[in-house]
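Reminder, nothing fancy here: chain letters follow the sequence lines and each chain counts from 1. Values below: all heavy atoms of this structure, side chains included; hydrogens, waters and symmetry mates excluded.
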Amino acid sequence: MRYSKVLIPTLREEPAEAEVVSHKLMLRAGMIRKLAAGVYNYLPLGLRVIRKVEQIIREEMDRSGALEVLMPWVQPAELWEESGRWEDYGKELLRFQDRHERWFCLGPTHEEVITDIVRKDVRSYRQLPLNLYQIQTKFRDEIRPRFGLMRGREFGMKDAYSFDADEQGAEESYRVMFDTYCRIFARCGLKFRAVEAETGPIGGSFSHEFMVLAETGEDIVVSCDSCDYAANLEKAEIERSKTPNKEKAKPKPLELVSTPGMKTVEEVCGFLKVKPQSLVKTLIYQGDSGPIAALVRGDHEINETKLRRLVGCERLELASEEVIEQVSGAPLGFAGPVGLKMRLIADQGIEDMVNFVTGANKADAHLVNVNLGRDFQVEELSDVRVAREGDPCPRCEGKLLFNRGIEVGHVFKLGTKYSKALKATYLDEQGTERLIIMGCYGIGVGRTAAAAIEQHHDDKGIIFPPALAPFQVLILPVNVKEERLSGVAENIHHSLEERGIEVLLDDRDERPGVKFKDADLIGIPLRVTLGNRFIKEGVIELKWRWSEEIDLVREEDMVDEVLKRLKSIKEGGDDEHS
RNA sequence: CGGGGCGUAGCGCAGUCUGGUAGCGCAUCUGCUUUGGGAGCAGGAGGUCGGCCGUUCAAAUCGGCUCGCCCCGACCA
């Protein structure tokens, strides 16, 4: 393809609207343009990259036995009312009415529709298992779209849904998708980790997020420094200290101290001249069946998901000030475990603490030298706080490390949530009607492309992994007015295209500097440069985008050499250049 | 939704405080020169200064309203 015939509007300067590298580079390389907040146009170069990602996904999904379908973007409200999500989904669901004033929404996901397909046409165990997928545009009216394709409102997504007759089958379907995802992201040339994610009330390790490690990631990946444990921050477990502090200081007598107006941990610590580590926070929560108090060390954070799971609540939120006053007898900021008559859950981290500070359940007062066991008892001592870097690994003796990551994929066992709500059932061998067990599996297409750029770039521009590059080869004649250069460039271009190679010929009458800058910016893996050395010595330069090394090749050998190199890259795996 | 910021040529920005004929760099168009890392010279085109209402002899500039965008936070199958 000729550069002069393609629309590749590169930008010399950084667009003011972009914050992260991938967004800046996609705009500068002329891949995308914004149409509205979180809504983008895909220009020729950008679309080619998106199609590459989609094709890899499609091939691997097909290989796994999944079947491609296509569901509508516009969905009727009735289905969502049936699943209960018309109520539950919130403002992210963009709703509108047609001319008959019937309600519809733009699909943010397709569980309802796919379940509807299956319930209508799947009757027998003989038709199971089934895995249906699509690559579709989704719309989620995000509160704050940002970072270009990384968090758009409209975005391309591959979503797959598995349907199985029993638990074993569902687990197998899950495992197959897990492996398929690993292959997809490896083929995309990404460094990624599959991390355990929170599963909600279902339990078990049946949810994994696929995270691409990158500085600009919005999520935290918690991993162990010595084993392969990895989880997201919400899920990350903390091992209970195996060596309880035997040499504890002697408990001192309990003492009530006046702390006028000192509500926060910082205020109390400053006032009493103690460290946050010597303080225990008491948080009052409102659960399904009444208030619950949670204790955590002053410098730790409660993990509400862990707490909710432990106490077995559907809903759990911080109690209002009125409730706090009512149950603790003191205003917000002065609650403490001593004498508190309600469910008391403590983080295991307070087990080792001696002579700590807590609220006194009395306005403007705290207790010092409080001790667990002597002054109060708890219902449970467990892991209910948010993990921190350096915490002990739950699986081995190692310590937890924190990294930033971009969530590009998620595999999730749904169970029977939708099959129950929408009555998707089948008849088993005995003729008994049973609920179908479902799983869902998503990949953000644009986000995967953005993540690849986050991982593969330098200060000059994008360094595309070959599998995602919009073209494999860029031919750059330094001066197109020099006929010896442009003629040979044309020949090579033609020969490579004939062999099915994606080649871009920079036939623009631009100065060499401009062409080199654009070449580096758009990041095509292999560059063929024709310049003075060809005129003088008859040699053509060949260079990988990620390397400084330049090899000299004669015209007659060029096509074979390019083919050889592209082949070696394909076979050599994707790490060669990273 | 709360806080902060921005809207002036395709892009990046100055001008706004202190009202008086709308500017700079890059890009773009024409011509000549130039051709290995974002060229030089000459000439040209491009704007209802986000929109509406108001104040004023006069508004990009002052006031009110409104729309859009960006950042931080809260939220998030």
Review item, side-chain donor-acceptor pairs of residues 436-445 of chain A, under 3.5 Å, at least two apart:
unit_1, atom_1, unit_2, atom_2, d
A/Y441, OH, A/S162, OG, 2.7

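- In this structure, A/E407 reaches neither bases nor backbone, as no heavy-atom distance under 4.0 Å exists between it and the strands shown.
- A salt bridge links A/E82 with A/R119: the distance from a Lys NZ or Arg NE/NH1/NH2 to an Asp or Glu carboxylate oxygen falls below 4.0 Å.
- Of all the heavy atoms in A/F96 and A/C105, the pair that sits closest is CE2-C, 3.9 Å.
- Nucleic acid contact for A/K515: none, since no nucleic acid atom lies under 4.0 Å from a heavy atom of the residue.
- Across all strands shown, B/rA14 forms no Watson-Crick or G-U wobble pair with both distances under 3.5 Å.
- Across all strands, A/M157 comes closer than 4.0 Å to base atoms (heavy-atom distances).
- Counting any heavy atom pair closer than 4.0 Å across all strands shown, A/R28 reaches a base atom.
- Residue-level contact check: A/E482 touches neither bases nor backbone, having no heavy atom under 4.0 Å from any strand.
- Using a 4.0 Å heavy-atom distance criterion, A/E92 is classed as a sugar-phosphate-only contact.
- On the nucleic acid side, RNA chain B has its first and last nucleotide under 4.0 Å of a heavy atom of chain A at B/rC1 to B/rA77, going 5' to 3'.
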Pair up each side-chain donor or acceptor in residues 477-491 of chain A with any protein partner under 3.5 Å, not counting sequence neighbours, and list the distances.
unit_1, atom_1, unit_2, atom_2, d
A/N479, OD1, A/K481, N, 2.9
A/K481, NZ, A/D509, OD2, 3.2
A/S486, OG, A/V480, O, 3.2
A/S486, OG, A/E482, O, 3.4
A/E490, OE1, A/R2, NH1, 3.3
A/E490, OE1, A/R2, NH2, 2.8
A/E490, OE2, A/R2, NH1, 2.9

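- Using modelled atom types, one finds a donor on one side chain and an acceptor on the other under 3.5 Å when comparing A/Q134 with A/D159.
- Pair check for B/rG46 finds none; no Watson-Crick or G-U wobble contact set falls under 3.5 Å.
- At a threshold of 4.0 angstrom between heavy atoms, the contacts of A/R527 include nucleobase atoms, whether or not backbone atoms are also involved.
- When the C1' atom is used for both B/rC62 and B/rC17, the distance is 11 Å, rounded to whole Å.
- The pair A/E218-A/R146 meets the salt-bridge criterion, with a side-chain N (NZ, NE, NH1 or NH2) lying under 4.0 Å from an Asp/Glu carboxylate O.
- In plain terms, the two heavy atoms of A/Q75 and A/T109 that are nearest each other are NE2-O, 3.4 Å.
- Counting non-hydrogen atoms under 4.0 angstrom, A/D518 reaches a base of the nucleic acid.
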